[in-house]
Amino acid sequence: MAAPLVLVVLAAVTVRAALYRSSLAAFIAERVEVASPLNAWKRVVEGLALLDLGVSPYSGAVFHETPLIIYLFHFLIEYAELVFMITDVLTAVALYLAIQDFNKVVFKKQKLLIELDKYAPDVAELIQTPMEMHYIPLKVALFYLLNPYTVMSCVAKSTCAINNSVIAFFILATIKGSAFLSAVFLALATYQSLYPLTLFAPALLYLLQRQFIPIKLKSKSFWLYTMQYASLYLCSLVVIICLSFFLLNSWDFIPAVYGFILSVPDLTPNIGLFWYFFAEMFEHFSLFFVCVFQINVFFYTIPLAIKLKEHPVFFMFVQLAIISIFKSYPTVGDVALYMAFLPVWSHLYRFLRNIFILSCVLLFCSFLFPVVWHLWIYAGSANSNFYYAITLTFNIGQILLISDYFYAFLRREYYLTHGLHLTRQDGTEAMLVLK
Amino acid sequence: MAAAVPGVSWARGAVAVLLLLLGCCGPELAGGLQDQAEQFFRSGHTNNWAVLVCTSRFWFNYRHVANTLSVYRSVKRLGIPDSHIVLMLADDMACNPRNPKPATVFSHKNMELNVYGDDVEVDYRSYEVTVENFLRVLTGRIPPSTPRSKRLLSDDRSNILIYMTGHGGNGFLKFQDSEEITNVELADAFEQMWQKRRYNELLFIIDTCQGASMYERFYSPNIMALASSQVGEDSLSHQPDLAIGVHLMDRYTFYVLEFLEEIHPASQTNMNDLFQVCPKSLCVSTPGHRTDLFQRDPQNVLITDFFGSVRKVEITTETVSLDREVAGFESKFPEEELATEPLKYAEQLPVAQIIHQKPKPKDWHPPGGFILGLWALIIMVFFKTYGIKHMKHVF
């Protein structure tokens, strides 16, 4: 499968190189949907310029990147375009390898459950076959590399690409089963942007499954493994943060990066839900609502962990989607990461109920974003309510997409164990609903 | 002899009649001069101040800011300079993100009149418009660090115009959606101003719901008050603009603005005309006024006494020589106090050095400890994952 992957990579690199040379690069780089205050390229350049002038880059609320990014780009700033293209390629390759391994795991588990007779007799059409699963890793790499969102994010040189690649490596390490590497990459991902902290739960569940440790609260081995993984993760996080201290000999980066992510002071419009609310709010309520909004991101982890403890990779997908919808400064690069996983669940297609409407909604909103922005900012005939309406619709589309996949996944699992033709007690056909 | 006597008596009678006539005309002539003198010294003020307050924030209260700015515009046009105007706006409508026409505040629909303009000077803005700051401005109890533009530096010959607009009720006016000023506080503030001789005459205009309740409690002399509605009535807004999406002005101030647009610095229009502005048919509410505390007849009070800054100029034809006094001052200086050596500045900018030096390439390098630590960590992770046995391939 190497050759088609190489072809896809070459095509993606060509598209990006072509766009870099065109005049669209400047236009895309300044779009608010692609570049947020956290990951805009011009802020990276500004921060590095401040450093050359002898001033801390964190003074003045311009630069919100972590010190490791400073270190990375200090030497590579002339090759920035190459760096971002290589990052995208690395992400795609990591996702490819991860999904390849994941398919093997799924197939093995399926075989085990069939031999143990856990499946109902009439579900033959629901079982995944190696034939149809053969091209899924390639499709994942394709979906990531040629997604217009990813391309725009790369052309804008938004450091979201680097965040995505760290998360992709974390997923690869988790699926390969290496707890140490997984903890290290998760620590790096959390260090970069705070929200991947919630990916701790699905990674832990996956590793426990791999080690065949049952997930019971009273089991000693469960707690032992959890403590091991958690301590690996926390230690690497602490080590990385302490190392970052030594770059500039100051702890300035903590309020500038994490304080900024959590307290949302910058209310530039983006595709997220925070800016409009906080632009309109009384100052004495804003602390309460910031807490509410931030808790909203972390809140779904425990219920999803309870429901999806047998399916940690799907849990990881849903968690990634929740992060990219509810985080404080989302961009389309975050959306592209979880959309890359959609081919993995392509067997759920027959159970998806609203896929046509949702894909239309997402497509139209993506086109309407620049239109309404132009109308608001340049023509002056719209106002922020229009842009926020498109933002809301886009986010509702994403939420409905995730809940549709969630429903389809659970429905398939139910059918697998209970048979395709469900009947009620009086013999009429029954319908599964998500309560 | 008998013929001469009646002639003399006729002449005497004629002289008596003439004297009588002159006697009657005399007071008239003198009265004419007195009238002219009275016209000249009609009002006892020598300077004008204006305190214009908009107390509400949020975008849907656009009309209150437009009200205040239109009074500001009229007052500036009629001559009161910015240094004598204290403008307090509780929110910024011109640069509000919801304003589809940024940097403008319109008072007429279809954007006929932009009252924001290029030279608006707002003295108290946004959260600085509080009851405490307003009362401090009026009474003069201001911390010493307050800049001049935020002070009401009036004296006992000042005529002050105070205009307030916002949301109000029976006996109070709401500031910033979180506090209120009552009519009792306002009356007491005016009494403090009177006792500290901070005004000559004061015109108080208020455009809020139940505005007349705000002037009920005044008890200081020389105050005239106008309000846009009586107690129990609401002041209504004028017209919405569909492009901007909010109501642009309140009715009372809209018609006051139209009235003031006709006034120019030399107008002789008096206060009675201002009382007639906005009858119930146009305003729906009943505007009220209070003149019992005012010592002059409103008929004799010109609009420009409060809204304009009409200076009284006395032209004299005698020359005043200033030379002698200057010479007198010079002789007071003793010779030995003059500086003997020329003053010069210290060498602060070594210009020659600056223009001839080459730019130092100041580059930042990450500290060595950091690089070492980072690569050590990376190598440790690598070998932990892949095992030490690969080390032999490295060496």
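Just so we're clear, the structure is a prediction, and the values are computed from it rather than from any experiment. Within every chain, numbering begins at 1; the chains are lettered A, B, ... in the order of the sequence lines, protein sequences first and strands thereafter.
Residue A:Tyr225 qualifies as enclosed at atom OH: its count of foreign heavy atoms under 6.0 Å is above 12. Counting heavy-atom neighbours within 6.0 Å of A:Tyr79 OH, excluding the residue itself, gives a total of 12 or less.
The parts of B:Pro100 that come within reach of chain A are both its backbone and its side chain, each placing non-hydrogen atoms under 4.5 angstrom from that chain. Contacts of A:Asn249 with chain B are absent, with no heavy-atom separation under 4.5 Å from either backbone or side chain. Proximity to chain A is absent for every atom of B:Asn99, based on heavy atoms less than 4.5 angstrom apart. Neither the backbone nor the side chain of A:Ser381 comes within contact range of chain B; no heavy atoms are under 4.5 Å apart.
Proximity to chain B at a heavy-atom threshold of 4.5 Å picks out A:Glu280, A:Phe282, A:Glu283 from residues 276-290 of chain A, in numerical order. Taking non-hydrogen atoms and a 4.5 Å limit, the residue list of residues 59-78 of chain A in contact with chain B, ordered by number, reads A:Leu68, A:Ile70, A:Tyr71, A:His74, A:Phe75.
Residues forming a side-chain hydrogen bond (donor to acceptor under 3.5 Å, both in side chains) with A:Tyr233 (at least two apart in sequence, or on another chain): A:Thr190. Legend: residues meeting side-chain hydrogen bond (donor to acceptor under 3.5 Å, both in side chains) with B:Arg125, ordered by chain and number and at least two apart, are absent.
In plain terms, the two heavy atoms of A:Gly380 and B:Lys101 that are nearest each other are O-NZ, 4.4 Å. The minimum heavy-atom distance between B:Pro366 and A:Leu247, with the atom names listed, is CB-CD1, 3.7 Å.
Residue with the most contacts toward chain B among A:Leu48, A:Asn383, A:Leu181: A:Leu181 (heavy-atom pairs, distance under 4.5 Å).
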